[in-house]
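Below: one structure, written as structure tokens.
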Amino acid sequence: MKLSTSLVLAALISSIGLSAHAEGRLDKIKSTKTISLGYRDSSIPFSYLDGGKPVGYSKEICDGIVKALEKQLGTELTVKQVPVTSASRIPLIMNGTIDLACGSATNNAERQKQVSFAPTTFVTATRFVSAKADNIKDLQGFKGQTVTSTAGTSNIKWLAATNAKENLGMNIIPSKDHAGAFLTVQAGRAKAFFMDDVLLAGLVANSEDPEKWVISDKALTTEPYAMIEPKDDPDFKKAVDDAVVAMIKSGEIEKLYKKWFESPIPPKNINMNLPMSESLKKALANPTDSPDPAKYQ
């Protein structure tokens with residue numbers, strides 16, 4: 001029976017698609033001798049620019065992963081640094097533009113439907129930063145007010161849901177990045193910036209007048225951080241996860257933590273003086289990629 005041109009073309013496209021799908025990230029990285037890492041420009045101290053160069057805690061963890069992959073694959077790799085935002089990082093993992101997102105990403109059940117995560121290497125919580133002079137202690141203080149959070153984050157999704165559930169009537173401004181969100185508050189266009197507390201601490205510490213700002217006391221959510229990986233690629237996930245676990249067991253993660261959270265860091269040599277939390281100690285003692293907040297409490 002003679003096949004129509006359209007059927008032949010459809011079969012060819014299907015074959016190409018299956019072939020492309022069959023090639024995992026490890027195969028691609030080995031054949032191209034290149035790995036693409038997504039970095040953030042203002043997620044202090046996880047991944048940010050210092051003199052135009054990506055630096056930070058997550059960036060160095062990814063550097064360790066690259067070294068482990070080079071050893072496993074038996075080849076030196078060229079590292080492509082790709083800028084990403086909270087909104088773009090997951091789509092860029094999914095479409096193959098980047099192989100790992102090295103920043104401040106919350107591992108949650110909803111995101112795990114689209115991507116995978118390496119073992120947890122930080123645990124934080126959603127809080128808000130506002131002007132100390134405003135003396136706002138809780139969510140009720142923002143009724144009818146304008147606030148901000150970063151687009152594409154779990155924080156802004158939680159904020160929108162809570163705003164609706166508790167009938168707060170807040171006007172929520174999505175900001176492109178963390179620096180822009182804090183600038184919105186500094187300029188008086190929003191009363192508060194809702195974000196992970198460690199990121200707020202970094203922004204406040206590096207601001208012109210840190211004493212002007214206050215971070216709320218009450219933890220509103222629990223957020224385990226990890227590097228974002230492609231979904232449904234078990235070989236690549238195992239290679240990355242094994243590398244992270246090895247860094248945890250060797251004490252390298254603890255050294256990096258002290259470097260970025262308990263020592264002066266660029267660009268202003270400010271020390272965040274943030275001792276390791278009990279939640280993170282628990283996660284490092286028993287490495288996990290669980291998105292369940294209860295696992296870290």
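Keep in mind it's a predicted model, so treat the numbers as computed, not measured. Along the sequence shown, residues are numbered consecutively beginning with 1.
Using a 4.5 Å heavy-atom cutoff, the side chains of T106 and T124 are not in contact. By the 4.5 Å heavy-atom criterion applied to side chains, D41 and D177 are counted as neighbours. Looking at I90 and R111, their side chains come closer than 4.5 Å, going by heavy atoms from C-beta outward. The side-chain heavy atoms of K132 and K212, taken from C-beta on, include no pair separated by under 4.5 Å. By the 4.5 Å heavy-atom criterion applied to side chains, S277 and K282 are not counted as neighbours. Within the 4.5 Å cutoff, side-chain heavy atoms of E262 are placed close to those of Y257. Within the 4.5 Å cutoff, the side chain of Q114 has heavy atoms near those of the M94 side chain. Put simply, the side chain of T126 does not reach to within 4.5 Å of the side chain of D197, judged on heavy atoms.
Considering OG of S263 and CD1 of I265, their distance stands at 9.5 Å, rounded to 0.5 Å. One finds the CD atom of Q72 at 8.5 Å from the CG atom of D235 (value rounded to the nearest 0.5 Å). The line from CD1 of I65 to CG of L37 is 8.5 Å long, rounded to the nearest 0.5 Å. A distance of 9.5 Å separates NZ in K176 from OG in S42, rounded to the nearest 0.5 Å.
Residues V185 and I156 do not share a hydrophobic cluster, defined by chaining ILVMFWY side chains whose heavy atoms lie under 4.5 Å apart. Clustering ILVMFWY residues whenever any of their side-chain heavy atoms sit less than 4.5 angstrom apart, transitively, puts V244 in the very cluster that holds I35. Under a hydrophobic-cluster definition in which Ile, Leu, Val, Met, Phe, Trp and Tyr are linked whenever side-chain heavy atoms come within less than 4.5 Å, directly or via other members, V129 and L159 are assigned to different clusters. Neither I253 nor I228 shares a network with the other; the hydrophobic side chains, linked directly or stepwise wherever heavy atoms of I, L, V, M, F, W or Y lie under 4.5 Å apart, form separate groups for each. I215 and L139 fall into different hydrophobic clusters, defined by Ile, Leu, Val, Met, Phe, Trp and Tyr side-chain heavy atoms under 4.5 Å apart, directly or through other members.
Tested against H178, the residues T150, T85, D196, T153 include a single side-chain hydrogen bond (donor to acceptor under 3.5 Å, both in side chains) partner, T150. A side-chain contact (heavy atoms from CB on, under 4.5 Å) with I29 is found for exactly one of V66, L73, T34, namely L73. No option in S43, S47, S86 other than S43 meets the side-chain hydrogen bond (donor to acceptor under 3.5 Å, both in side chains) test with S104.
Between the side chains of S149 and N155, no donor N or O sits under 3.5 Å from an acceptor N or O. Under the 3.5 Å distance criterion, with hydrogens and angles disregarded, a donor-acceptor pair is assigned to the side chains of E223 and T221. No hydrogens or angles considered: a donor-acceptor pair under 3.5 Å links the side chains of N95 and T97. In this structure, a donor-acceptor pair under 3.5 Å is absent between the side chains of N171 and Q145. Remark: the S58 side chain and the R40 side chain contain no N/O donor-acceptor pair separated by less than 3.5 Å. Side-chain contact check for T222 and Q297: at least one donor-acceptor pair (N or O, by modelled atom type) lies under 3.5 Å.
Judged by distance alone, with hydrogens and angles left aside, the side-chain atoms of S88 form no donor-acceptor pair with the main-chain N or O of V84 at under 3.5 Å. Side chain of N107 to backbone of D289: a donor-acceptor contact under 3.5 angstrom is found.
Comment: E110 engages K157 in a salt bridge, judged by a side-chain N to carboxylate O separation of less than 4.0 angstrom. Using a cut-off of 4.0 Å between Lys/Arg side-chain N and Asp/Glu carboxylate O, D138 and K218 are scored as not salt-bridged. Salt bridge absent: K67 and E70 never bring a charged side-chain N and a carboxylate O closer than 4.0 Å. Salt bridge status for K237 with D233: absent, with no side-chain N to carboxylate O gap under 4.0 Å. Between E76 and K33 no salt bridge is recorded (no basic side-chain N to carboxylate O distance below 4.0 Å).
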Trace of the salt bridge (Lys or Arg N to Asp or Glu O under 4.0 Å) decision for K28 with D99
CA-CA 10 Å; K28 186 200 78 169; D99 301 303; 2.8 Å; yes
Candidate pair S130 and K191, rule side chain to side chain contact (heavy atoms under 4.5 Å, CB included), full reasoning:
CA-CA 6 Å; S130 59; K191 279 290 185 181; 6.0 Å; no
I would like to know whether W260 and M272 meet side chain to side chain contact (heavy atoms under 4.5 Å, CB included); could you show each step before the answer?
CA-CA 8 Å; W260 290 100; M272 293 182 66; over 6 Å; no
Apply the test ring pair (Phe, Tyr, Trp, His ring centres under 6.0 Å) to residues F142 and F128: give CA-CA distance (whole Å), side-chain angles for both, the deciding distance (0.1 Å), then the verdict.
CA-CA 11 Å; F142 296 110; F128 61 83; 4.8 Å; yes
For the pair T148 and I172, evaluate side chain to side chain contact (heavy atoms under 4.5 Å, CB included) and give the outcome as yes or no after the intermediate values.
CA-CA 5 Å; T148 186; I172 302 170; over 6 Å; no
Is there a ring pair (Phe, Tyr, Trp, His ring centres under 6.0 Å) between Y296 and F122? Walk through the geometry before answering.
CA-CA 10 Å; Y296 304 94; F122 197 83; over 10 Å; no
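Minimum interatomic distance between R89 and G152 (heavy atoms only, all atoms of both residues): NH2-O, 3.9 Å. The two residues Y48 and G56 come nearest to each other via the heavy atoms CE2-CA, 4.4 Å. Annotation for L200 and R127: closest pair CD1-O, 3.6 Å, computed over non-hydrogen atoms. The two residues A118 and V240 have their closest heavy-atom pair at CB-CG1, 4.2 Å. Across every non-hydrogen atom of G96 and R25, the tightest pair is CA-NH2, 3.4 Å.
For F182 and F193, the distance between ring centers is not under 6.0 angstrom. Ring to ring, F117 and Y225 are not that close: their centroids are 6.0 angstrom or more apart.
Counted within 6.0 Å of NZ on K71, heavy atoms from surrounding residues, nucleotides or ligands total 12 or fewer; the atom is thus considered open. Heavy atoms from other residues, nucleotides or ligands lying under 6.0 Å from CG of N269 number more than 12. A 6.0 Å sphere centred on NZ of K231 holds more than 12 heavy atoms belonging to other residues, nucleotides or ligands.
Using a 30° and 60° split on the angle between ring planes, Y57 and F46 fall in the perpendicular class, above 60°.
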